Amino acid sequence: MQMSRKIINKLAPVLCLGLAAIAIAGCSSEEMPKGSTKSAESTQPLSHLSYWKEMHPDAAAIMKSYGEITAIKEIENNTGVKIDYQHPAQGQGGEQFNLMMASKSLPDVVEYSWNNYPGGAQKAIQDGKIIPLNDYLDHAPNFKKLLDDNPEWRRQASTDKGDIIGFPFIRPVRKLQTHDGPVIRKDWLDKLGLPIPKTIDEWYTVLKAFKEQDPNGNGKADEIPIMIGAGELAFTGVFGIPNGFYHEGNTVKYGPVQPEYKQYLEAMNRWYNEGLLDKDFAANDSKMYDAKMTGNQVGAAVMAVGGGLGRFMDLMESKEPKFRLVATPYPTLKSGDKPIFGQMDNQIVGIFTAITGSNKHVAETVKFFDYFYSEEGRMILNFGKEGVSYTMDNGFPKYTDSVMHNPDGLPLAQSLKQHVLSADSGPFLQDERYIEQYAARPEQQEALTVWAEPSNEKRMPPITIAREDNSRYASIMNDIDTYKNEMIVKFIMGAESLNKFDEYVATMKSMGLDEAIQMQQSGLERYNNR
Amino acid sequence: MLHKRSLGEWIFSGVNTCFMILLCFVTLYPFLYVLFASLSDPTEMARFRGMLFYPTGFNLEAYKAVMNNPMILTGYRNTIFYVAGGTAINLFMTTLGAYALSRRNVYFNNSIMFMIVITMVFNGGLIPTFLLVNSLGMMDTPWALLLPGAVSSFNLIIMRTAFQAVPVSLEESARIDGANDWTIMSRIIVPLSMPVIAVMILWYAVGHWNSYFSALIYLRDRELFPLQLVLREILISNSTDSMTTDAAASDRLDIGITIKYATIIISTLPILCLYPFLQKYFVHGALIGALKE
Amino acid sequence: MPNVQGNIVKTATGNQADKKWSMIKRDIIRNRYIYLILLPVIAYYIVFHYGPMYGLQIAFKDYGLADGIWGSPWVGFDHFKSFFGNFYFWRLIRNTLLINIYELLFAFPASIILALLLNEIRKGFFKRIVQTISYLPHFISIVVVVGMMIDFFARDGLINNLLLMIGLQPIAFMQEPAWFRFMYISSGIWQGIGWGSIIYLASIANIDPTLYDAARIDGAGRWKQTLHITLTGIMPTIVIMLILNMGSMLSVGSEKIILMYNPITYETADVISTYVYRKGILGADFGYTAAVGLFNSVISFILIVLANSISKRVSEHKLW
């Protein structure tokens, strides 16, 4: 008795509050109407467009809004449409995106990796969040022509059901799709009289020499012959597998459980034990990475063409005049083999500017973005305004000096972003004449060619997991990734014996790996049937 | 204060002083390191090892780069507003709550207290909170940063504990003189609890100064961003984030190692400069508390 | 028989309820100003805390962004089952609990001890300097603190250079699972010891000075004064802080750990919140996140209630 009354007394106000809360919740909760919200077509010309887009980190440091970009101003000028940009804070765009999707009112267009919408892009269409472009292609002659001329682009820009997700960012040529790869200190090789390594055995010889023969000449064996992370594609690729899913004759497989992966781990374990592999390979952050590179300690690494190779050459120019990084081909097992795997983006990168269900002027918006894909629009977005950010030199759009050598001392990556979107992303075709000027050093141009060698025939195309499998898939792969990342580091460091490799494979299977592979498999089949 | 000190007390004082000096060094050195590093030459800094006692190679490029960021000044202005406005709201609301809940013989106080504790462990989660703020029309306005956190339950409880410690006799005599609750609160309880109120001001203000999460999810207009968000952007954009697979991100140029340090200095300097003054008032408040009789 | 008794009980409760209501009425009239003062605070809690609580239900639902909170289909205890049945469940619980227990054992008393020691310093100027300096780290963002840590404790960083100088082997502080907890707790103490002592110092300042005079007359030395007057005086604050701390036994902020850990240290570093971050937040699995959050809340709630009632019994200090 006593007790229960006490409890009632305690609970009474809480209950009252609970009821009140539910009442409030009832008013405040915003539920989306089911199904696609076909918006009313209006005949008024488009004058303002709200546009949600994550800012590129380099741009965030120099501007408040993309409306300040020369190319965007030019577009606004030519079309009479004013873009009102909404930019989420850096680093949490994904979180803000998810929350935004939970509410009813969306900006007119949203640029995002729409396949990351919970449940996938198809679900976003089904939820009425985005309006697929299929029915509006007649308003977009330029864009339609691109898709018609390049069926593969259309395939990559569509869902399994054939709905076109939005206006894609397109990297049309291989030179733009590949930007990462292995590099080596050419000056060290020359000093020791060694050729550029091609096979894994040649790599071992070279790294061993780096370790033992003091190529940096400071009398200490402080060289880090190679600085790469665990599961680096360039070196798992030696054994014919990537660090994730791939396919062989349209059968999906998972690299980290293949016997070849064990061979990869054995090689890395040996490198680690002999001091060839960076001791901190699993814990490097950008600062440590930079410190080791500029500290004249590292012999080889895998890095980007601009932010890596180009930047370190710039940084070291005055300190170590001999410092020279060159790209090496993706290594292979036997000499004469052609590498199978290498870093490569899809032509349709996966970033779409999609028209949302809240857009009141769908046709006009489509017409507006079609301009981005016209010859004129493409020039503006890649090169900006003639006379301001580029000049025509024998038919070649040359960035002006003030862009290439910013008077305020901004690095190229940033000064480009003040004027154009080519070093960023957006609804347009990237132009290779941009990368030719962005990665202007001969070493960089060579890298782009050398790294483009791998056939990548076994690489997974941009498939999507079926919507009903999505959360199960995410859940399985999360556990598997955690486990895999932890174990491969232990295998390489020798904290776990490689005799346990079978056990490791069995554990992943028990976590549901086969189920995940099956989901990938059906995704691949649906993709091929698009 | 005249009393004999025993030998033990002398030794204790000595040890205590040494300990405090050590603590100061351990606390302070990393800051000096940051200061020196921010003034150093980026490439030399990158390969520097060991203890810094002065900048290695003098270079102000990092500061220039940070100041080039158009968001820094905007961020400053906004943060000052959020700190001042937010702390005022916090203090007002918390004082009201703490006073009312510290009264004895109020029937519902215990249940209300219990109800408040419940909110400390149970919350509706990100999405409903977001939808609520959205439907109250506070999206993309300063209110989204000021109102949802108007009372910190933790601080409310601390303040209530302090208010309870004020002797009942003072209140009773005031009541006999005809004072009502408002007068008792503002004329007796609050003045007598200055040390705790000073702590509250400090806690709330620093909370607003350091907070970024609400801004992160509620703001899309960069004109409203607080300084911490700007600072975070600079720091995060300068680190390799293994979770981003964005191709464009991997291709970006790093804007220098020392820029991180310069950002820290620029963003903490005003607080460090202001701090000794605040500290004076704070200690002053504590002294009033100690001397009251 | 049971019917009769039931009726009697009912009337008894009825009478008591009447009495209760009149008592409540009297209370509301007598304390009307207090309730009036409390009104904005209650309104705040209803709107901003109880308002969103309907969202807790997504712990039992397969939350879809377009379906909304009410419209998503129920899945019962699926999220809970998947969490409890997780390969790492026990490791997560163990890591989370150990970090909290160590925090309670080392970080919690550290601030109290600092406050007591500061109180013993007679020179106001020196005391003020120490205070000012010890609060500083609190103003530094966690990103920076961890960045500096990684720097100082790297294989060839400052600390290892010093170790080498005194003839010890270098230690990979940030890469050894065995060192993780030490690094986490000690950096937490470094950053929070001064700030944490503020509340105890304020509470010491509130102690009636006549008590010290009386003790001195009784011949109590400084040690005895500290023990019997200062420590006793700040006991309510300590107890309240302890109770509140108990409530967060199962939650560790994920932000710092995410910055500090790497796959090698998962073994000791992976806690519930970091796991949920990887699984729920990055994967936008809000139902799962809510389920784990709810599990945390229930445990925290039990712990707080327990701590409060123990404290009520042992020391008479209580939260409600």
Side-chain angles (χ1 to χ4, degrees), chain B residues 3 6 9 16 19-20 23-24 27-28 30-31 49-51 93 96-97 99-100 103 106-107 110 112-114 116-117 119-125 127-129 132 148 150-151 154 157-158 161-162 165 180-181 195-196 199 202 206 231 235 260 264 268 271 275-276 279 283 286 289-290 293, chain C residues 24 27 31 33-34 37-38 40-42 44-45 48-49 51-56 69 117 120-121 128 130-134 136-141 143-144 147-148 156 158 161 190 198-199 201-202 205-206 209-210 216 221-222 236-237 240 244 247 282 286 290 293 297 300-301 304 319-320:
Chain B
H3 69 283
S6 69
E9 284 178 5
N16 196 7
F19 173 76
M20 291 298 165
L23 180 82
C24 288
T27 311
L28 217 47
F31 290 99
R49 305 255 134 56
M51 280 175 119
M93 294 285 283
L96 292 188
Y99 173 77
R103 299 304 88 196
V106 180
Y107 183 73
N110 255 353
I112 293 171
M113 205 56 229
F114 186 71
I116 289 174
V117 172
T119 67
M120 293 178 79
V121 289
F122 290 98
N123 64 72
I127 289 183
T129 312
L132 173 74
V151 181
F154 189 87
I157 289 169
I158 299 294
T161 310
N180 61 20
D181 278 301
V196 164
V199 173
L202 207 58
V206 171
L231 163 71
L235 296 177
K260 174 162 139 183
I264 301 168
T268 36
I271 266 216
Y275 192 69
Q279 167 81 3
V283 171
E293 247 160 281
Chain C
I24 289 173
D27 172 76
N31 294 318
Y33 290 117
I34 290 177
I37 286 175
L38 202 52
V41 179
I42 294 183
Y44 163 79
Y45 273 94
F48 287 101
H49 288 270
M53 263 196 210
Y54 72 99
L56 284 174
I69 291 166
L117 290 180
E120 294 303 319
I121 293 177
R128 209 149 64 221
V130 175
Q131 271 178 281
T132 311
I133 290 176
S134 70
L136 276 186
H138 186 79
F139 296 95
I140 300 297
S141 94
V143 181
V144 176
M148 292 197 301
D156 49 7
L158 179 60
N161 286 346
W190 177 80
I198 291 182
I199 187 63
L201 282 170
N206 257 359
T210 50
R216 224 170 284 137
R222 270 168 79 173
T237 311
I240 298 291
L244 294 175
L282 291 182
F286 292 108
S297 300
S300 308
F301 184 65
I304 280 204
L319 260 180
W320 67 85

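Since the structure is predicted, the reported quantities are computational estimates derived from the model, not experimental observations. Side chains included, hydrogens not; waters and symmetry mates left out as well; all remaining heavy atoms used. Below, read A as the first sequence line, B as the second, and so on, with proteins coming before strands; counting in each chain starts at 1.
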Heavy-atom distance under 4.5 Å to chain C: side chain of B/Ala150, backbone, both or neither?
both
Can you tell if the side chain of B/Phe122 reaches within under 4.5 Å of the side chain of C/Ser300, non-hydrogen atoms only?
no
Who pairs with C/Thr237 by side-chain hydrogen bond (donor to acceptor under 3.5 Å, both in side chains), at least two apart in sequence or on another chain?
C/Ser203
Most heavy-atom pairs under 4.5 Å with chain C, out of B/Asn180, B/Val151, B/Ile157, belong to B/Val151
Are the side chains of C/Met53 and B/Thr119 in contact, using a 4.5 Å heavy-atom criterion?
yes
Between B/Pro30 and C/Trp190, which heavy-atom pair has the shortest distance, and what is it?
CG-CZ2, 3.7 Å
Taking all heavy atoms of C/Pro52 and all of B/Pro128, pick out the closest pair and write down the distance.
O-CB, 3.4 Å
Ignoring hydrogens, what is the shortest heavy-atom contact between B/Tyr107 and C/Asn31? Give both atom names and the distance.
N-ND2, 4.5 Å
Non-hydrogen atoms of C/Ser134 and B/Thr27 that approach each other most closely:
CA-CG2, 4.3 Å
Scanning both residues in full, the closest heavy-atom pair of C/Arg222 with B/Glu9 reads N-OE2, 3.3 Å
Which heavy atom of C/Ser297 sits nearest to which heavy atom of B/Val121, and what is that distance?
OG-O, 2.6 Å
If you count heavy-atom pairs under 4.5 Å between each of C/Ile304, C/Val41, C/Asp27 and chain B, which one has the most?
C/Asp27
Go through C/Phe301, C/Tyr33, C/Tyr45 and name the one with the most non-hydrogen pairs under 4.5 angstrom from chain B.
C/Tyr45
Region of C/Leu56 in contact with chain B, defined by heavy-atom distances below 4.5 Å
both
Which atoms of B/Leu96 are under 4.5 Å from chain C, going by heavy atoms: the side chain, the backbone, both sets, or neither?
both
How would you list, by chain and number, every residue that makes a side-chain hydrogen bond (donor to acceptor under 3.5 Å, both in side chains) with B/Asn123, sequence neighbours excluded?
none
Residue from B/Val106, B/Asp181, B/Thr161 scoring the most non-hydrogen pairs under 4.5 Å with chain C is B/Val106
When rounded to the nearest 0.5 angstrom, what is the spacing between CD1 in B/Ile158 and CD1 in C/Ile240?
7.0 Å
Checking B/Tyr99 side chain against C/Ile37 main chain: does a donor-acceptor pair fall under 3.5 Å?
no
